[in-house]
Student: 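Mind looking over this structure? Questions follow.
Just so you know, these numbers come straight off a predicted model, no measurement behind them. Here is how names work: the chains are called A, B, and so on, in the same order as the sequence lines, proteins then strands, and each is numbered from 1.
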Amino acid sequence: MQPIQPAPAVSQPSVVIATSTPATMSAPVPVPITCADTPTVSQLVSKPQTGVVDEDGINLEEIREFAKNFKIRRLSLGLTQTQVGQALTATEGPAYSQSAICRFEKLDITPKSAQKLKPVLEKWLNEAELRNQEGQQNLMEFVGGEPSKKRKRRTSFTPQAIEALNAYFEKNALPTGQEITEIAKELNYDREVVRVWFCNRRQTLKNTSKLNVFQIP
DNA sequence: GGTATGCAAATAAGG
DNA sequence: GCCTTATTTGCATAC
């Protein structure tokens, strides 16, 4: 079919934050170049100057408390993050992965996300504890439900597909609808998936070149 | 084998 | 419908 090309040399969007300074200069500020990075709950909560309530009126202290408790209660039920994630995907409400549970427990998420996730976890955990009281078997039934779900599963492109997409991108970063349809057909991916790929690719390209502007020569 | 995390796919919102 | 920009979230894999 198609011989795999050596490498299009499309430099990966590695976020290089230039901190390497000539030995003499001692930088008092850690790393000020963060383009619009929304801070996580844990970052905010560990900052004494910010109160317990953030700009959007989210009670960070309450979330921190709940997250801590959630973990304790989850472990008491003998459940893993993976199990909780799977169970959440089964019950109604949004689906979440093990990563999401992990990030919530660590508060490695924005206050907004935490605020959204908290009631979902709260409700689920209460239900799980109730089931557990009725017997271990009951809990396991509750945990192991059917998949189904809202958010589209993340597509994993094959290395060959990425290579091909990058090749198209280098020729034309903004393909027309018709072109997208053809590329999708050619590579055998959903048209929408391909369209979003181009959007994301343009975005990362733009962001990385923005970052480069700040790099010390 | 459970948890943490980097990268990037998917989504939200505004135009 | 499609774009951009900002953000959320999950797969894959390192720890």
Side-chain angles (χ1 to χ4, degrees), chain A residues 10-17 31 33-44 54-56 58 63 67-68 70-90 93-121 143 147-166 168-169 172-184 187-211 213:
Chain A
V10 175
S11 55
Q12 278 300 327
S14 49
V15 184
V16 181
I17 302 161
V31 173
I33 307 163
T34 37
C35 279
D37 250 335
T38 27
T40 65
V41 177
S42 66
Q43 282 170 342
L44 290 169
D54 88 335
E55 328 68 82
D56 301 317
I58 296 171
I63 288 176
K68 199 172 81 184
F70 178 85
K71 185 169 186 175
I72 293 168
R73 290 163 70 190
R74 171 178 69 79
L75 291 171
S76 323
L77 286 171
L79 298 176
T80 65
Q81 294 175 347
T82 306
Q83 284 176 310
V84 175
Q86 279 172 354
L88 280 172
T89 307
Y96 290 103
S97 65
Q98 175 264 327
S99 312
I101 307 306
C102 177
R103 284 177 176 135
F104 182 84
E105 287 183 353
K106 287 195 68 198
L107 296 176
D108 189 17
I109 46 174
T110 62
K112 210 174 144 193
S113 299
Q115 182 81 331
K116 199 172 104 188
L117 185 47
K118 181 173 171 276
V120 176
L121 293 180
V143 170
S148 86
K149 235 16 172 235
K150 281 173 183 173
R151 193 181 172 98
K152 187 186 181 307
R153 286 188 73 99
R154 188 190 167 106
T155 304
S156 290
F157 292 104
T158 63
Q160 290 84 353
I162 302 239
E163 206 168 312
L165 285 165
N166 274 318
Y168 281 120
F169 186 85
N172 181 11
L174 192 56
T176 64
Q178 180 60 37
E179 285 166 336
I180 289 172
T181 303
E182 280 160 21
I183 294 168
L187 300 179
N188 212 279
Y189 282 95
D190 217 57
R191 198 196 107 98
E192 180 61 11
V193 164
V194 172
R195 190 186 68 78
V196 169
W197 184 89
F198 274 90
C199 287
N200 283 325
R201 188 71 183 76
R202 286 193 292 270
Q203 184 168 38
T204 41
L205 183 68
K206 187 169 269 184
N207 288 344
T208 49
S209 40
K210 244 188 224 165
L211 253 181
V213 170

Student: Are any side-chain N or O atoms of Arg201(A) and backbone N or O atoms of Asn166(A), one a donor and one an acceptor, separated by less than 3.5 Å?
Tutor: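 No, because the side chain of Arg201(A) does not come within donor-acceptor range (under 3.5 Å) of the backbone of Asn166(A).
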
Student: Any donor and acceptor pair, going by atom type alone, linking the side chain of Glu182(A) with main-chain N or O of Glu179(A) inside 3.5 Å?
Tutor: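 No, because the side chain of Glu182(A) does not come within donor-acceptor range (under 3.5 Å) of the backbone of Glu179(A).
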
Student: Using the side-chain heavy atoms of Asn200(A), tell me which of these nucleotides is nearest: dT8(C), dA9(B), dT4(C).
Tutor: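 In terms of side-chain proximity for Asn200(A), the closest of dT8(C), dA9(B), dT4(C) is dA9(B).
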
Student: Do NZ/NE/NH1/NH2 and the carboxylate oxygens of Lys68(A) and Glu105(A) come within less than 4.0 Å?
Tutor: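 Here Lys68(A) does not pair with Glu105(A) in a salt bridge, since their nearest N and O are not under 4.0 Å apart.
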
Student: Would you mind reporting whether Val84(A) and Leu88(A) have side-chain heavy atoms less than 4.5 Å apart?
Tutor: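 Contact flag for Leu88(A)/Val84(A) side chains = yes.
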
Student: Can you tell me how far P of dT5(B) sits from CD1 of Ile109(A), to the nearest Å?
Tutor: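 Computing the Ile109(A):CD1 to dT5(B):P distance gives 14 Å.
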
Student: Rounding to an integer number of Å, can you tell me how far Leu117(A) CG sits from dT8(C) C1'?
Tutor: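 Atom CG in Leu117(A) sits about 11 Å away from atom C1' in dT8(C).
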
Student: Are there any protein N/O atoms within less than 3.5 Å of an N/O atom in nucleotides 11-15 of chain C, and if so, which ones and at what distance?
Tutor:
residue: dC11(C); atom: O3'; partner: Ser156(A); partner atom: OG; Å: 3.2
residue: dC11(C); atom: N4; partner: Ser99(A); partner atom: OG; Å: 2.8
residue: dA12(C); atom: OP1; partner: Ser156(A); partner atom: OG; Å: 2.9

Student: Let me know the distance between CZ of Phe104(A) and P of dT5(B), rounded to the nearest Å.
Tutor: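 Going from Phe104(A) (CZ) to dT5(B) (P), I get 17 Å.
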
Student: Under 4.0 Å between a side-chain N/O of Trp197(A) and OP1 or OP2 of dA9(B), yes or no?
Tutor: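 Trp197(A) to dA9(B) OP1/OP2: side-chain N or O found under 4.0 Å.
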
Student: Could you tell me the separation between the CD atom of Gln178(A) and the P atom of dC2(C), rounded to a whole number of Å?
Tutor: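 Value for this atom pair: 12 Å.
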
Student: Report the distance from atom CG of Leu79(A) to atom P of dG2(B), rounded to the nearest whole Å.
Tutor: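 Between P of dG2(B) and CG of Leu79(A): 11 Å.
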
Student: Quick one: which of dC2(C), dT7(C), dA10(B) gets closest to the side chain of Arg195(A)?
Tutor: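 It is dC2(C).
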
Student: Just to confirm, is there a sub-4.0 Å distance from OP1 or OP2 of dT5(C) to any side-chain nitrogen or oxygen of Lys206(A)?
Tutor: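 Yes, within the criterion.
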
Student: Ignoring hydrogens and geometry, is there a side-chain-to-backbone donor-acceptor pair from Arg103(A) to Ile109(A) under 3.5 Å?
Tutor: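 It does not hold such a pair.
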
Student: Is there a donor-acceptor pair closer than 3.5 Å between any side-chain N or O of Gln86(A) and the backbone N or O of Gln83(A)?
Tutor: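 The answer is no, because no donor-acceptor pair under 3.5 Å joins these two groups.
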
Student: Are any side-chain N or O atoms of Thr181(A) and backbone N or O atoms of Gly177(A), one a donor and one an acceptor, separated by less than 3.5 Å?
Tutor: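 Checked: pair present.
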
Student: Rounding to a whole Å, what distance do you find between Arg202(A):CZ and dA10(B):C1'?
Tutor: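 One finds 15 Å between C1' of dA10(B) and CZ of Arg202(A), rounded.
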
Student: Does the side chain of Tyr96(A) get closer than 4.0 angstrom to OP1 or OP2 of dG10(C) through an N or O atom?
Tutor: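 Checking Tyr96(A) against dG10(C): no side-chain N or O falls below 4.0 Å of OP1 or OP2.
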
Student: Can you tell me how far P of dG10(C) sits from CD of Gln81(A), to the nearest Å?
Tutor: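 Nearest whole value for this atom pair: 13 Å.
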
Student: Assuming nearest nucleotide by heavy-atom distance, tell me which of Gln203(A) and Gly177(A) is located more 5' along DNA chain C.
Tutor: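 Of the two residues, Gly177(A) wins.
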
Student: Please determine, for the side chain of Arg151(A), which listed nucleotide (dT3(B), dT4(C), dT11(B)) has the closest atom?
Tutor: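 The answer is dT11(B), which lies nearest to the side chain.
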
Student: Taking atom P of dG6(B) as reference, at what distance in whole Å does atom NZ of Lys106(A) sit?
Tutor: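 Rounded to the whole Å, the gap is 9 Å.
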
Student: Could you tell me whether the phosphate oxygens of dT7(C), OP1 or OP2, come under 4.0 Å of any side-chain nitrogen or oxygen in Thr110(A)?
Tutor: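 No.
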
